[in-house]
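I have a structure here, written as structure tokens, and I will follow up with some questions on it.
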Amino acid sequence: MRLNQTLNFLLIFTFLLSIGFNSSFVLAAEENQPSTQTAEATQETPAAEVTQETQINTIPDEEATDTLDKQLASINRQREIIASLLPRIKKSEGLLKTALEARLDKALITLLELGIDFSKNVVAQEEQGVDVSDYREQAIDMLIKQLDVATQTAARIRTQIEVYEPDLSAAEQAASNTKIFAALDRLNNAYEKMVENIEYSKRFEVDVTEQETALKESLADRAANGSILLDLAMNEVAALRASVSAVPDDTELKAKLTVAGDVVRNLANGLATVLTLMDSLEMDTTEYREQVLGATGEITTDVFEIGVVTKLLQGWGEQILTVILEDGPDLFFKTLLFFLIIFVFRKLANLVQKIIERGLNKANLRLSQLLRRMIVSIARNIVIVLGILIALSQVGISLGPLLAGLGVVGFVVGFALQDTLSNFASGLMILIYRPFDVGDVIEAGGVFGNVSHMSLVNTTIMTFDNQTIVVPNNKIWGDVIKNVTTQNIRRVDLVFGISYSDDIPKTEQVLQEIVETHDKVLTDPELVIKLHELADSSVNFVVRPWVKTDDYWDVYWDITREVKMRFDKEGISIPFPQRDVHLYNETAT
């Protein structure tokens, strides 16, 4: 079936080329030559007639007409180039002949351009009041003859278009398409020169009504046939896409799909060029604009013409109306079902969240606040995601490609968020090993304070001077973590210094009384009061009572205050830093 579609496409393509591109103004037809005329004869006709014309005689150089004389000289040189190509083409074969024929086509089109530029300059000189009557006659004669040259050039180019065999590989099809569309570009150039030639012929009041009518008929046929070919090419692309979907690993099918896409673009661009020429001749092109837009997807200024806009809106309106009438009830039911499923699963997610929260609170599990929130959040999100997937499946959306796409997106997002994932991994480690929890006083990541919030990405610490600091988890896990409140009791480390002249036993007794009489000091473990060191300016005692963690700072501040007051009362001094200075008198000798 696949082969039959391709063969039908090529047969129609060949048929349209044979009848659509043969314009009614081909010189061979006007001269009633037999239809069996060979391609070689057709190719030689325009160039031969060009070389048989007499050389254009220029008038003596004058300042006002110097440019026109130079243009005439360029036209004569171009005719000589064309004349030199003809015998070489006749003697050549194969690829060399094809290359020479393409060069001849370009030379003929260049000749047409030079002739039109000469005519434009003659018109410009006349408008400036320069007497160019002799040049005017030459311009009129040139324009009339160039119409024949243009039509014969188009005929030559059409003979060069050959459709490839259906069993060619994608690479061979691409090579053949390159040749075909290069020839079609040259053909469109020939048509463009015809349009310009007719325009300037009218400026010289030359009657070209017959030629213009023939050109309009040819362009209309070219547009109609191009439209049909474009439809066939778009159908071919759709068929190849279906084949690639069925056999996604077939590289040859994918290559042919790429080639077919290029064919669609080239056909659409060629058709757009023809439509522009038709617009310049005030022909109706509305019916083709929508097709070009659909094939290329490019919005140009032509699309905003009233006729094109009206047709596009009409087509879209009909499609929308058809969808509403045929699929409206089913679409409405699926949409209603989608939102109903989402609503039910959202309520179910809330119920699951409450059940899990109650279960965690009742269970005798020592879980961190972070782990509790994570368990609840995961359970809730799983229910919601399941609801979304079920809702999408009910409206006819395939979940396989969707999940595959989410996997690709996840890979890209993960690669882009490496630092965030590092914080996430550190958060998991904190979650598993539980070095601290919400409410603990910690020193981590260079910050000391109370943990107010935890997540898998960062930890929020409230310092004792009421600053909120958010620390990334990888900074915490990669550094030393000091948890002050993880233990129930703490030791208070105090150091007091006395003068070297003070009574040491008395000082020990005073310190013992102060600490033992404090109601928040624990008897177990036993407190320690010892003479610790003989410093430079003082004799230092260490006082180390044990207290509950919550009472640490109360005991610290209370004992420090009481020691100062008792030392003053008992006459025990707390010395300032001292330095002895010894002076020596040196006797002069």
Side-chain angles (χ1 to χ4, degrees), residues 434-454 459-469 471 475-476 479-583:
R434 297 182 58 197
F436 58 85
D437 200 354
V438 175
D440 289 348
V441 177
I442 67 170
E443 181 177 355
V447 181
F448 182 70
N450 183 51
V451 178
S452 61
H453 178 75
M454 295 174 61
T459 298
T460 302
I461 299 176
M462 183 72 71
T463 63
F464 293 108
D465 58 351
N466 206 32
Q467 297 184 47
T468 300
I469 300 179
V471 185
K475 296 290 185 182
I476 295 176
D479 200 354
V480 175
I481 301 173
K482 179 180 178 181
N483 192 335
V484 176
T485 56
T486 189
Q487 300 297 327
N488 294 327
I489 61 174
R490 289 185 63 186
R491 189 182 71 184
V492 182
D493 289 349
L494 299 167
V495 178
F496 300 105
I498 65 174
S499 173
Y500 273 89
S501 60
D502 289 328
D503 188 350
I504 291 177
K506 181 180 178 181
T507 301
E508 289 179 341
Q509 181 181 358
V510 171
L511 291 175
Q512 191 81 20
E513 291 176 359
I514 292 173
V515 176
E516 289 180 348
T517 57
H518 199 290
D519 58 349
K520 293 184 178 180
V521 174
L522 302 176
T523 58
D524 186 23
E526 184 179 358
L527 67 89
V528 174
I529 299 176
K530 298 292 182 181
L531 194 154
H532 182 60
E533 63 178 345
L534 303 176
D536 294 338
S537 302
S538 63
V539 177
N540 295 334
F541 286 86
V542 294
V543 179
R544 296 175 178 175
W546 288 85
V547 298
K548 293 182 179 180
T549 301
D550 294 339
D551 298 332
Y552 179 88
W553 289 108
D554 291 339
V555 173
Y556 186 96
W557 294 325
D558 290 346
I559 292 178
T560 301
R561 181 176 183 276
E562 187 65 23
V563 166
K564 177 64 172 74
M565 295 175 65
R566 285 291 301 275
F567 276 13
D568 291 344
K569 184 178 179 180
E570 299 293 338
I572 301 173
S573 61
I574 300 176
F576 296 99
Q578 300 176 11
R579 184 182 297 273
D580 292 336
V581 179
H582 300 274
L583 300 176

- Query: Under 3.5 Å, side chain of T485 to main-chain N/O of V441, donor-acceptor pair present?
  - Reply: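 Yes; judged by distance alone, with no hydrogens or angles, the pair exists.
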
- Starting from the C-alpha separation in whole Å, work towards a yes-or-no answer on side chain to side chain contact (heavy atoms under 4.5 Å, CB included) for D558 and H518. CA-CA 8 Å; D558 290 346; H518 199 290; 2.9 Å; yes

- Are any non-hydrogen side-chain atoms of I559 and L494 less than 4.5 angstrom apart?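 I559 reaches L494 side chain to side chain.
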
- Message: Between F567 and L511, does the side chain to side chain contact (heavy atoms under 4.5 Å, CB included) criterion hold? Intermediate values first, please.
- Response: CA-CA 9 Å; F567 276 13; L511 291 175; 4.0 Å; yes

- Item | D493/V542 under side chain to side chain contact (heavy atoms under 4.5 Å, CB included): CA gap, chis, key distance, verdict | CA-CA 7 Å; D493 289 349; V542 294; over 6 Å; no

- Rounded to the nearest 0.5 Å, what separation is found between the CG atom of N488 and the CG atom of D550?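 Between atom CG of N488 and atom CG of D550 there are 9.0 Å.
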
- Would you say the side-chain atoms of S538 pair up with the backbone N or O of N540, donor to acceptor, closer than 3.5 Å?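 Pair absent, no side-chain N/O of S538 close to backbone of N540.
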
- Message: Distance check, rounded to the nearest 0.5 Å: E443 atom CD versus N483 atom CG?
- Response: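 E443 atom CD to N483 atom CG measures 11.5 Å (nearest 0.5 Å).
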
- Message: Looking at Q487, is its backbone amide N or carbonyl O close enough to the side chain of T549 to form a donor-acceptor pair, meaning the two atoms are under 3.5 Å apart?
- Response: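 Confirmed, T549 side chain pairs with Q487 backbone.
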
- Any side-chain heavy-atom pair from K569 and V510 closer than 4.5 angstrom?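 No, every pair of side-chain atoms sits at 4.5 Å or beyond.
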
- Query: For T460, does its backbone N or O pair with a side-chain atom of S452 as donor and acceptor, under 3.5 Å?
  - Reply: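 Judged by distance alone, yes, a pair lies under 3.5 Å.
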
- Is atom OH of Y552 surrounded by more than 12 heavy atoms (other residues, nucleotides or ligands) closer than 6.0 Å?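 Yes.
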
- Between V539 and S499, which heavy-atom pair has the shortest distance, and what is it?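 Closest approach of V539 to S499, heavy atoms only: CG2-O, 4.4 Å.
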
- Query: For the side chain of D440 and the backbone of V451, is there at least one donor-acceptor N/O pair under 3.5 Å apart?
  - Reply: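 It does not hold such a pair.
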
- Item | Least distance between heavy atoms, V515 atom then P545 atom |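 Residues V515 and P545, closest heavy atoms: CG1-CB, 3.8 Å.
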
- Query: So how far is it from F541 CZ to I529 CD1, rounded to the nearest 0.5 Å?
  - Reply: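 So the CZ of F541 and the CD1 of I529 are separated by 9.5 Å.
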
- Gap separating the CZ atom of F436 from the OG1 atom of T459, nearest 0.5 angstrom: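 Spacing of CZ (F436) from OG1 (T459) equals 4.0 Å.
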
- Query: What distance separates D502 CG from E570 CD, expressed to the nearest 0.5 Å?
  - Reply: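 Answer for the CG-CD pair, D502 versus E570, is 11.5 Å.
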
- Query: When rounded to the nearest 0.5 angstrom, what is the spacing between CD1 in I514 and OG1 in T560?
  - Reply: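 Reported value, rounded in 0.5 Å steps: 10.0 Å.
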
- Minimal non-hydrogen separation, P525 against I489, with atom names: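 Smallest heavy-atom distance, with atoms named: CD-CD1, 3.8 Å.
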
- Query: Which residues pass the salt bridge (Lys or Arg N to Asp or Glu O under 4.0 Å) test with K564, sequence neighbours left out?
  - Reply: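 Per chain and number, K564 pairs via salt bridge (Lys or Arg N to Asp or Glu O under 4.0 Å) with D568.
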
- side chain to side chain contact (heavy atoms under 4.5 Å, CB included) assessment of E513 paired with R566: CA-CA 10 Å; E513 291 176 359; R566 285 291 301 275; 3.0 Å; yes

- Message: My understanding is that only residues two or more places apart in sequence, or in another chain, count here; which of them pass ring pair (Phe, Tyr, Trp, His ring centres under 6.0 Å) with F448?
- Response: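 Here the qualifying residues are F464.
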
- Item | Minimal non-hydrogen separation, K475 against V471, with atom names |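 Closest pair (atom of K475, atom of V471, distance): CB-CG1, 4.0 Å.
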
- Qualifying salt bridge (Lys or Arg N to Asp or Glu O under 4.0 Å) pairs with a residue from residues 514-532, counting only residues at least two apart or across chains: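 For residues 514-532, and leaving out neighbouring residues, the salt bridge (Lys or Arg N to Asp or Glu O under 4.0 Å) pairs sorted by first residue read K520-D554.
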
